[in-house]
Enquirer: 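Supplied in structure tokens, the structure appears directly below.
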Amino acid sequence: MEERYVKEITPKSQDFSRWYIEVIRKAELVDYAPMKGMMVIRPYGYAIWEKIKELLDRRLKETGHVNAYFPLFIPESFLKKEAEHVKGFAPQVAWVTHGGDEELEERLAVRPTSEAIICSMYAKWIKSWRDLPVLINQWANIVRWEKVTRPFLRTTEFLWQEGHTAHATEEEAEEETLRILSIYKDFVENDLAIPVIAGKKTEREKFAGALRTYSIEALMADGRALQAGTSHNLGQHFSRAFNIRYEDKNQNLQYVWQTSWGVSTRLIGAVIMVHGDDSGLRFPPRIAPIQVVIVPIPANEWKEKIYKKGEHIEKELKKISVRAHFDSREEYTPGWKYSDWEMRGVPLRIEIGPKDMEKKQVVLVRRDNREKIPVSQDVLIEKISPLLEEIQKSLYNQALNFLKENTHNVNNYEEFKEIIENKRGFIKTFWCGNQDCEDKIKDETGASIRVISMEKEEKSEGNCVYCGKKAENLVYFAKAY
RNA sequence: CGGGACGUAGCGCAGCCUGGUUAGCGCGCCUGCCUUGGGAGCAGGAGGUCGGAGGUUCAAAUCCUCUCGUCCCGACCA
């Protein structure tokens, strides 16, 4: 039995929801704002978002996307132009009705997503085939009036990125949709160390106004799935509604083919729920706000030397772009600091005490497995980066094993119900494609189809887990956040 | 939005059922001394309009009504 060092939080294994709430507040990632469903992202939490932005933005720019910024408000008439879209979002829209004391002639929606306002601009900007493709992304805030909220996972206001592209052909739009899906998958798996299942959404689950929606789905430690990113092929639904046309090489007017796609601050919730343990957070090194914390263990005659050494190590690590922090606080004992930084998820700790000074070494302690590694001070700096990469991989592998262990191949409904009830996780099975079966399974078990698999399976045909009819869709079911 | 639970110091709670001086406790916080290899010790100190608004009463943290917020379980959504 592993000794439990951090005693301030409810163990994750004991009460997952409570653990989540306690850890995000004690680690100072967020605090509740005085309005329902709203949160303050505190500096330590916002640092994660900044890393996510930096790493994903780089990938988007590498693939030709550029950033822009569109207005927060959307005139009601614009929002109403695409019928399915407005129907999907109407219940969640916050409205501005007054400017000062004066009532507005037309209500303004606080954007629940920006298709409407962006498409209205694209209609002005796009005239010729030479203008295409348009590959614009924006980092923005969004408001959706939610009934049930949880910090990071579902809040009334949240931060995200939303890409909106326009293309000459349907093929190009589909290519873009899938390219983004693979960028998301690559980013989430490599930088956030979270393995995901990528696939297509069913009609029931797709984005309001999309032709097709794809998503990546991650499995949380409590066995529920979390949609971690979505990419939509909008077809010509919006270009027809907003009249976005270009003249092609043959001088024919054509409607553009569009995509939109996004990931949000919800990803932070995923990182917490996938990697966290009984002692608190465990951040993957690539996004950890602090990657290495240096804790001195002062003893009277050594104190000055130890502090100097600690500061020196911090400086050297920063030189090689390691996010290092020397914890010079004198009011806390080393043991207290260990627990504190473990709760806050710092991937690697360096301890320096009198015994280490005598041996000209330090002790490294990994957050992922708590392994203690004595290292000579001479070679310390060069050891750090490879070790951080190893921790990154180790966290990914732990999450991957969990995903594998909790993905159940099932082909009868009784077993399906039993697993959803007791074990949760993903259920991989066949579905006939009929929405009745999908609805009934949802009603009876609470599980929904997260995605239709895109893997090239040998066995591409089976029987629907619900009705038993011939089925071609291999799908992943789960209870979802 | 339905069902349940809860709101008392920064955090965790007791007090409420059965109304009655100055509302307690642990941790944290501040000052000083002393300590520091897994959440140290001693001494002193600060901190509360009991979520908010009404009402009942001579008197309300306590009883009643409304309201705001949080958590859990469902239905809806990133």
Side-chain angles (χ1 to χ4, degrees), chain A residues 3-10 15-22 25-26 28 31-39 88-93 112-113 142-162 184 201 204-208 213 215-218 225-232 260-270 279-280 295-303 306-307 327 329-343 349 351-358 362-363 365 370 372 374 442-443 445-446 448 479-481:
Chain A
E3 195 181 344
R4 205 169 151 258
Y5 290 115
V6 177
K7 297 172 181 102
E8 268 194 18
I9 51 176
T10 302
D15 183 340
F16 190 78
S17 296
R18 191 158 174 197
W19 169 85
Y20 180 77
I21 296 296
E22 285 179 5
R25 296 194 71 199
K26 294 231 160 95
E28 296 177 328
D31 201 358
Y32 289 106
M35 308 79 75
K36 178 181 164 59
M38 303 210 171
M39 65 171 178
F89 282 103
Q92 294 180 278
V93 172
T113 176
I142 289 294
V143 169
R144 293 182 189 172
W145 221 256
E146 297 284 353
K147 288 163 185 167
V148 178
T149 57
R150 294 188 93 190
F152 292 123
L153 304 179
R154 177 164 297 106
T155 46
T156 301
E157 180 186 8
F158 59 94
L159 305 179
W160 76 350
Q161 93 12 249
E162 50 179 325
Y184 284 165
K201 286 290 191 185
R204 180 192 205 272
E205 303 278 334
K206 77 177 187 188
F207 177 73
T213 288
S215 81
I216 51 170
E217 304 278 329
L226 185 79
Q227 183 172 302
T230 50
S231 184
H232 316 291
S260 71
W261 26 271
V263 301
S264 71
T265 33
R266 171 180 261 198
L267 286 177
I268 300 171
S279 297
V295 177
I297 300 138
N300 282 330
E301 62 276 25
W302 282 100
K303 185 169 168 182
I306 286 171
Y307 267 63
D327 187 349
R329 294 176 292 180
E330 306 206 18
E331 63 271 30
Y332 295 112
T333 61
W336 193 93
K337 291 177 183 176
Y338 299 165
S339 300
D340 192 46
W341 292 114
E342 282 175 16
M343 187 183 73
R349 176 169 81 236
E351 304 176 0
I352 323 174
K355 289 178 208 161
D356 301 308
M357 292 302 279
E358 276 165 13
V362 299
V363 176
V365 185
R370 286 216 174 79
K372 298 196 175 189
K442 179 85 201 280
D443 287 348
T445 68
S448 55
K479 285 202 178 189
Y481 269 98

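The chains referred to below are lettered A, B, ... by the order of the sequence lines, with proteins before strands, and numbering in each begins at 1.
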Enquirer: Starting from C1' on C71(B), measure out to CE on M39(A) and report it in whole angstrom.
Expert: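 Distance check: M39(A) CE to C71(B) C1' gives 17 Å.
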
Enquirer: Hey, does the Lys NZ or Arg CZ of R154(A) hover above the aromatic six-ring of Y481(A), less than 6.0 Å from the centre and inside 45° of the axis?
Expert: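 Cation-pi check for R154(A) and Y481(A): fails.
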
Enquirer: Under 4.0 Å: is that the gap between some side-chain N or O of R150(A) and OP1 or OP2 of C72(B)?
Expert: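 R150(A) to C72(B) OP1/OP2: side-chain N or O found under 4.0 Å.
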
Enquirer: Rounded to whole angstrom, note down the C1' distance from G44(B) over to G52(B).
Expert: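 It comes out at 37 Å once rounded to the nearest Å.
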
Enquirer: Of the options C73(B), G38(B), G37(B), whose atoms approach the side-chain atoms of S17(A) most closely?
Expert: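 Per side-chain heavy atoms of S17(A), the pick is C73(B).
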
Enquirer: Tell me what G37(A) touches on the nucleic acid: a base, only sugar-phosphate, or nothing, going by heavy atoms under 4.0 Å.
Expert: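 The answer is sugar-phosphate, as G37(A) gets under 4.0 Å only of primed atoms, P, OP1 or OP2.
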
Enquirer: What are the two closest heavy atoms between L267(A) and A228(A), and how far apart are they?
Expert: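 The pair with the smallest heavy-atom distance is CD2-O, 3.3 Å.
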
Enquirer: Just to be sure I understand the rule, does L153(A) reach a base, reach only the sugar-phosphate, or reach nothing, if contact means heavy atoms closer than 4.0 Å?
Expert: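 Result for L153(A) = base.
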
Enquirer: Would you mind classifying the nucleic acid contact of T156(A) as base, sugar-phosphate or nothing, using non-hydrogen atoms under 4.0 angstrom?
Expert: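 The residue T156(A) makes no contact with any strand.
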
Enquirer: With P as the reference atom in both, quote the distance from G2(B) to U67(B) in angstrom, rounded to an integer.
Expert: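 Per the computed distance, 12 Å lies between those P atoms.
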
Enquirer: Report the C-alpha separation of T10(A) and E22(A) in whole Å, then their side-chain angles, then the decisive distance to 0.1 Å, and conclude whether the side chain to side chain donor-acceptor pair (under 3.5 Å) test is met.
Expert: CA-CA 7 Å; T10(A) 302; E22(A) 285 179 5; 3.0 Å; yes

Enquirer: Of the nucleotides A40(B), C77(B), U36(B), which has the atom closest to the T333(A) side chain?
Expert: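 That would be A40(B).
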
Enquirer: Could you list all N or O pairs between the protein and nucleotides 74-76 of chain B that sit under 3.5 Å apart?
Expert:
from: C76(B); atom 1: OP2; to: K442(A); atom 2: NZ; distance (Å): 3.1

Enquirer: Using both distances under 3.5 Å as the test, list the Watson-Crick or G-U wobble partner of C33(B), or none.
Expert: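 Base partner found: G41(B).
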
Enquirer: Let's test this: given Watson-Crick or G-U wobble pairing with both distances under 3.5 Å, identify the partner of U56(B).
Expert: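 Because no pair has both required distances under 3.5 Å, U56(B) counts as unpaired.
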
Enquirer: Supply the atom-to-atom distance E351(A) CD to I297(A) CD1, rounded to the nearest 0.5 angstrom.
Expert: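 If I round to the nearest 0.5 Å, the distance is 5.0 Å.
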
Enquirer: State whether the side chain of K337(A) and the backbone N or O of D327(A) hold a donor-acceptor pair below 3.5 Å, judged by distance alone.
Expert: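 Here the side-chain-to-backbone pair exists.
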
Enquirer: Which nucleotide, in any strand shown, forms a Watson-Crick or G-U wobble pair with G69(B), with both distances under 3.5 Å?
Expert: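 Across all strands, the one nucleotide that pairs with G69(B) is C6(B).
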
Enquirer: Out of G38(B), C77(B), U36(B), which has the shortest distance to the side chain of Y338(A)?
Expert: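 Closest nucleotide to the Y338(A) side chain: G38(B).
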
Enquirer: Which atom names give the shortest non-hydrogen contact between K479(A) and T445(A), and what distance separates them?
Expert: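 Reported closest heavy-atom pair: CE-O, 3.4 Å.
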
Enquirer: Output one line per pair: protein atom, nucleotide atom from nucleotides 4-13 of chain B, and distance, for all N/O pairs under 3.5 Å.
Expert:
none

Enquirer: To the nearest 0.5 Å, tell me how far K36(A) NZ sits from M38(A) CE.
Expert: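 One finds 10.5 Å between NZ of K36(A) and CE of M38(A).
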
Enquirer: Using the P atoms only, state how far U65(B) lies from C76(B), rounded to an integer number of Å.
Expert: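 33 Å, rounded to whole Å.
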
Enquirer: Mind checking who G74(B) pairs with, Watson-Crick or G-U wobble, both distances under 3.5 Å?
Expert: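 Base-paired to C1(B).
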
Enquirer: Regarding V363(A), tell me which of base, sugar-phosphate or nothing describes its non-hydrogen contacts under 4.0 Å with the strands shown.
Expert: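 Since a base atom lies under 4.0 Å of V363(A), the category is base.
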
Enquirer: Rounded to whole angstrom, note down the C1' distance from C30(B) over to G69(B).
Expert: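 Here C30(B) and G69(B) have their C1' atoms 31 Å from each other.
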
Enquirer: Looking at the side chain of K355(A), which of G69(B), G37(B), G38(B) is the nearest nucleotide?
Expert: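 So the nucleotide nearest the side chain must be G37(B).
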
Enquirer: How many angstroms lie between atom CH2 of W261(A) and atom OG1 of T213(A), to the nearest 0.5 angstrom?
Expert: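 Rounded to the nearest 0.5 Å, the CH2-OG1 separation comes to 14.5 Å.
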
Enquirer: Where the side chain of W336(A) is defined as all heavy atoms beyond and including C-beta, which of G39(B), U70(B), U36(B) is the nearest nucleotide?
Expert: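 Ranking G39(B), U70(B), U36(B) by closest atom to the W336(A) side chain puts G39(B) first.
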
Enquirer: Determine the interatomic distance between C1' on G26(B) and the same-named atom on C34(B); round to the nearest Å.
Expert: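 Going atom to atom, C1' in each nucleotide, I get 24 Å.
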
Enquirer: Look at all strands and tell whether P354(A) reaches a base, only sugar-phosphate, or nothing, counting heavy atoms closer than 4.0 Å.
Expert: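 Base, at least one base heavy atom under 4.0 Å.
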
Enquirer: Can you find a pair of side-chain heavy atoms, one from P296(A) and one from K303(A), that are under 4.5 Å apart?
Expert: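 Sidechains of K303(A) and P296(A): no contact.
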
Enquirer: Do side-chain atoms of T265(A) reach the backbone of L159(A) as a donor and acceptor pair under 3.5 angstrom?
Expert: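 Judged by distance alone, yes, a pair lies under 3.5 Å.
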
Enquirer: Could you give the distance separating C29(B) and G10(B) at their P atoms, to the nearest angstrom?
Expert: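 G10(B) and C29(B) have their P atoms separated by 14 Å.
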
Enquirer: Quick one: on RNA chain B, does I352(A) or A228(A) contact a more 5' nucleotide (nearest heavy atom)?
Expert: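 Of the two residues, I352(A) wins.
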
Enquirer: Look at all strands and tell whether E351(A) reaches a base, only sugar-phosphate, or nothing, counting heavy atoms closer than 4.0 Å.
Expert: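 Base contact.
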
Enquirer: Mind checking who C25(B) pairs with, Watson-Crick or G-U wobble, both distances under 3.5 Å?
Expert: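 Partner of C25(B): G12(B).
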
Enquirer: Test K442(A) against E205(A) for salt bridge (charged side-chain N to carboxylate O under 4.0 Å, His left out), laying out the working first.
Expert: CA-CA 12 Å; K442(A) 179 85 201 280; E205(A) 303 278 334; 5.4 Å; no

Enquirer: Answer yes or no: does a side-chain N or O of S339(A) lie under 4.0 Å from OP1 or OP2 of G38(B)?
Expert: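 Answer is no, no contact under 4.0 Å.
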
Enquirer: Both T149(A) and Y332(A) contact RNA chain B. Taking the nearest nucleotide for each, which residue is further toward the 5' end?
Expert: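 It is Y332(A), whose closest nucleotide lies nearer the 5' terminus.
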
Enquirer: Should U18(B) form a Watson-Crick or G-U wobble pair with both distances under 3.5 Å, which nucleotide is its partner?
Expert: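 By the stated definition (distances under 3.5 Å), nothing pairs with U18(B).
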
